[in-house]
Amino acid sequence: MTIPDSGFMMDNGGSCLPVPPDEERRVVEELTNKSEDNLKEGNLYYVVSNRWYSGWQRYVGQNTDQYLADEPSLDSQRLKGVSSEMTERPGPIDNSDIISDEHSEGDHLELRRMLEEGRDYVLVPQQVWEKLFGWYKGGPALPRKMILQGYHNKSYSVEVYLLCLKLIDSRDNSQSIIRISRKASTHDLYEKVSMLRKVDMAKVHIWDYFNEHKAALLHRSNKTLEEESLQMDQDIRLEMQVDGVSQSRNGMDSTRNDLALVALEPSRSSMTIAGGPTMSNGHSSGYNFYQRSGLSSSSSHTEDGYDAIISANKGERGGLAGLQNLGNTCFMNSAIQCLVHTTPIVEYFLQDYTEDINMENPLGMRGELALAFGDLLRKLWSSGRTTIAPRAFKGKLARFAPQFSGYNQHDSQELLAFLLDGLHEDLNRVKKKPYIEAKDSDGRPDQEVADESWKYHEARNDSIIVDVCQGQYKSTLVCPACSKISITFDPFMYLTLPLPSSVTRTMIVTVFYGDGSGLPMPFTVTVLKHGCCKDLTQALGAACCLRADECLLLAEVYEHRIYRYLENSLDLSSIKDDDYIVAYRLPKVGAGRTKVEITHRWLERVAPDTFKGHERKFSGTPLVMYLSKDSLCGEDIFGAVGKVLSPLTRAYSPPRSSSEKESSFVLKDGEESSSSSNGQCGRGNDEMEDVEDESSSELPSFQLSLVDDRGLNPKPIHRDTVISGQTVKIMLDWTERERELYDANYLMDLPEVHKSGFTVKKTRQEAISLFSCLDAFLKEEPLGPDDMWYCPGCKEHRQATKKLDLWKLPDILVVHLKRFSYSRYLKNKLDTFVNFPIHNLDLTKYVKSNDGQSYVYELYAISNHYGGLGGGHYTAYAKLIDENRWYHFDDSHVSPVGEADVKTSAAYLLFYQRVKTDLGVRMGETSRSHMSS
């Protein structure tokens, strides 16, 4: 894609004048603030590549905290401590890295999928875009509209990705792509299709053709496509009416029996919400919930909600149905599978729960979420092994929780928290919540205060979720000034347990020789996770057999240039897993030595439709060496460059296959470099000599230039050029001659510090127990400075100490392992293996109420997360209680798994059920007693 040149000037009142960086920053910030004060539906925003925008931010010195606090990208991370070396004015706006060539048609340019705001792109208001375009030109422009989302708490968001639908014309089976807002109405869709196919809209029928089945006829109305549960990339089908009959390619009435597949909304009568016969125990029979019309189908897919349904084969057991991935919905599928294998939840939703639906609760969804979840649960338990597409449920979820709309990956714990809370509010038996003023403990006995707090809580909150999923904390705050003690008792729905950080981390660093005595070699070392760069240097020195008269100089490479040198005192936490770190093996620095940095440029062919045939671009990995002379000439530099490149000479090292070259940088997972590789330890006691002392009979000829601190303004170096300074920066322009003489592949493809993958290892040598996580959660600690407590004794905010204790535990205990950690600049995922019990998790000693009961739990489900931040993949393990057998639920794929295999370092959410006799009967009696009362 060609990006037009912008020049460096702007039209300012009729005259072309350069705009200073601080003025650009002031104008953009002013326009951004003005736009934020005038948010409304339909406002235009423009998508801008974060790669380009972060360069502009560096240039103007803009505060970037708002991006760093969210999810810092590789570019935004570079904004920490930016040096003057990276402040050159950016070129034209270049959005080419975020545009998909595959899906772009006509004037509409489609973005690459899976992009994240703040990491891959930023959104700027229309007025800001117009200014940036006026200053820099380039592009292309990517306008997007602001939409209003939400049910109770409405919020504005920019619709970055339009809904993409594949239109199938039944007359000739031709296909077209329709891009339209998910907030558009079905009437808008009819207009767009009629215009595209040049047909009379009055004769058009459009079908929801999800999974190549007619799910429903889309009627022209004001109902939005989101409300119709249309999904990204799904099919819709166009049929034309001739004399009132829809005609398809085969000339037959295409409506045939497809209308019979459109299921009715579940009955809300008190007879049976499941729509099937009711057994004597109040449960509907498992396999025939939806046999009211006797329909069946051989399709492997079915839909939830109020769409098409397929009855299961008689005799197939329930609970083994997979969930179709609707586009990064594995997080949702994982959480749902855990919930629908929770015995009390299953028993409740298989009964008639219509009496519990709260249509008046302003915090609920008028029962819509509960109905959608119940309908999905019943299908999962009645469809045998048939895969379910949870479209209707996802639609309800997006309506009531806009944060889960769209097609990006989300957190299964956040989804679970919203779902449990939403189900509670929809099923809250309390129709009018009384106002209750909280009371302080005032020295009263804990049991009295706890019972009073729980009584007040139940007076406002009474649902199946409270019955089986909620427990109670005891929270103790102590003022450090007046020793005032405040004790409160609060409900909880799950335990979020911190992971005592894994002690170590593995890092891959590539070592380069500053004297040209060996090839570059990557080393995998293990260091303290919370150590400093000195620890990394020491570990590398041992791995590469560093001699006493040598040192290692650590540096971070970014865009083929040295971004920063890493001081010994720098925390290792500032180095991300996807950074590129190198170490230069050099003689210990003495007085009078000059550091020489060499960067590389390649002559590369550019797009054929530009005027330039080739242009030089930075490439490879910079090299560093020390020269001992105070005053250098060009001849010294030519000799030094020839020496440091000598290991790459093809005459000494035969051409290698691409796979061999790649293996020189990429190690097998878990494999460490041998300390004797490349003969690095075989140099014995040979003393390292300075590069310039190694005379050569013939000095090589290179295209070398001196550059300034920013790597700009190259000045050619000749043999008689006089060079001075403690640091000399050189640019080497590679020609065909150098490429033939040297194997530059050794300078390419640096490995990342740590490459995370989907393979999860059971690193039990660093394992921690679930009890140690619980102990860390219950440990007394001071509140943070941003979380001060207002002491009623001092009448001031104090940094009090806080202590949590478990007072009341629920029958269903959800444990959230806090694997994702956040700091100002970094997000991190802990892959620490947590050794959690599958059987007999005894928490009795942790319950401080001393009620004499036993609190022993059995594990029955796990939500797993594989991979790194901003993506990865979720699956679930769940146990069928009556079978006493575990299964792996990976979206639509369901397979048996051994009990020993469910314990991995991917475990994220643990679901435990309290060991109690006849829990289901007790729950059912509790539920019926509430109904009768």
Side-chain angles (χ1 to χ4, degrees), residues 51 73-75 77-78 97 506-514 516 518-525 536 540 543-544 552-564 566 575-585 597-606 615-624 641 644-650 652-674 677-678 680 711 731-736 738-759 867-868 871:
R51 185 179 66 178
S73 65
L74 185 63
D75 288 330
Q77 186 202 1
R78 301 295 181 269
D97 64 312
T506 58
M507 303 179 73
I508 301 176
V509 179
T510 305
V511 176
F512 288 82
Y513 284 83
L519 288 168
M521 175 63 65
F523 288 88
T524 301
V525 295
L536 177 58
L540 278 173
C544 70
L552 291 175
L553 180 63
L554 292 177
E556 179 182 350
V557 174
Y558 174 60
E559 292 187 347
H560 310 291
R561 287 179 281 182
I562 292 175
Y563 169 68
R564 59 174 177 167
L566 308 180
I575 301 176
K576 291 182 66 178
D577 284 348
D578 56 359
D579 284 342
Y580 299 92
I581 304 298
V582 297
Y584 298 103
R585 186 168 180 161
E597 295 179 8
I598 305 171
T599 54
H600 312 273
R601 286 201 308 183
W602 261 247
L603 192 64
E604 296 184 2
R605 182 179 297 276
V606 296
E615 67 177 1
R616 296 191 180 277
K617 294 185 177 181
F618 287 102
S619 188
T621 306
L623 300 174
V624 174
V641 171
V644 80
L645 290 178
S646 61
L648 279 59
T649 306
R650 294 186 188 274
Y652 301 152
S653 179
R656 293 142 57 99
S657 68
S658 59
S659 61
E660 290 175 320
K661 292 168 187 172
E662 183 178 350
S663 67
S664 69
F665 272 126
V666 182
L667 299 178
K668 292 181 180 178
D669 189 20
E671 183 179 302
E672 296 205 9
S673 302
S674 169
S677 298
N678 258 353
Q680 292 152 9
M731 183 187 297
L732 169 59
D733 285 308
W734 285 64
T735 64
E736 288 300 322
E738 279 78 33
R739 292 195 183 205
E740 291 176 2
L741 183 60
Y742 301 108
D743 189 349
N745 285 283
Y746 288 103
L747 301 177
M748 312 293 284
D749 302 325
L750 279 178
E752 297 176 353
V753 167
H754 180 76
K755 187 69 173 178
S756 61
F758 288 145
T759 302

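FYI, side chains are in, hydrogens and waters are out, and symmetry mates aren't considered; it's all heavy atoms of this structure.
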Exercise. Please round to the nearest 0.5 Å and tell me the distance separating atom CG of L741 and atom CG of L648.
Key: 9.5 Å

Quiz prompt | Contact check, side chains of E738 and D733, non-hydrogen atoms, under 4.5 Å | solution = no

Exercise. Could you tell me which non-hydrogen atom of V557 sits nearest to which non-hydrogen atom of P622, and how far apart they are?
Key: CG1-CD, 4.0 Å

Quiz item: Mind checking whether W734 and H600 have side chains closer than 4.5 Å, heavy atoms only?
Solution: yes

Quiz item: Should L732 and L645 count as side-chain neighbours, where that means a heavy-atom distance under 4.5 Å?
Solution: yes

Quiz prompt | Exercise: identify the closest heavy-atom pair between G516 and P647 | solution = O-CG, 3.1 Å

Quiz item: Distance from D579 atom CG to H754 atom NE2, nearest 0.5 Å?
Solution: 13.0 Å

Self-check item: Non-hydrogen side-chain atoms of H560 and T599 separated by less than 4.5 Å
Solution: no

Quiz item: Under a 4.5 Å cut-off applied to non-hydrogen side-chain atoms, are L623 and F512 in contact?
Solution: yes

Quiz item: Taking C-beta and beyond as the side chain, do F523 and C544 meet within less than 4.5 Å on heavy atoms?
Solution: yes

Quiz item: Considering all heavy atoms of both residues, which atom of L552 and which atom of A583 are nearest to each other, and what is their separation?
Solution: CD2-CB, 4.3 Å

Quiz item: Would a 4.5 Å heavy-atom cut-off, applied to side chains only, mark I575 and L566 as touching?
Solution: yes

Self-check item: Atom of Y584, atom of T621 and distance for their closest heavy-atom approach
Solution: OH-CG2, 4.4 Å

Exercise. Determine, step by step, whether Y580 and E752 satisfy the side chain to side chain contact (heavy atoms under 4.5 Å, CB included) criterion, reporting the C-alpha distance in whole Å, the side-chain angles of both residues, the deciding distance to 0.1 Å, and the verdict.
Key: CA-CA 5 Å; Y580 299 92; E752 297 176 353; 3.6 Å; yes

Quiz item: From M731 CE over to R561 CZ, what is the distance, rounded to the nearest 0.5 angstrom?
Solution: 8.0 Å

Self-check item: Distance (rounded to the nearest 0.5 Å) between I508 CD1 and T524 OG1
Solution: 4.0 Å

Exercise. Carefully, step by step, assess L554 and L540 under the rule side chain to side chain contact (heavy atoms under 4.5 Å, CB included).
Key: CA-CA 10 Å; L554 292 177; L540 278 173; 3.8 Å; yes

Self-check item: Check: R564 and Y558 side chains under 4.5 Å, non-hydrogen atoms
Solution: no

Exercise. Could you go through the side chain to side chain contact (heavy atoms under 4.5 Å, CB included) check for V624 and I562 one step at a time?
Key: CA-CA 10 Å; V624 174; I562 292 175; 3.7 Å; yes

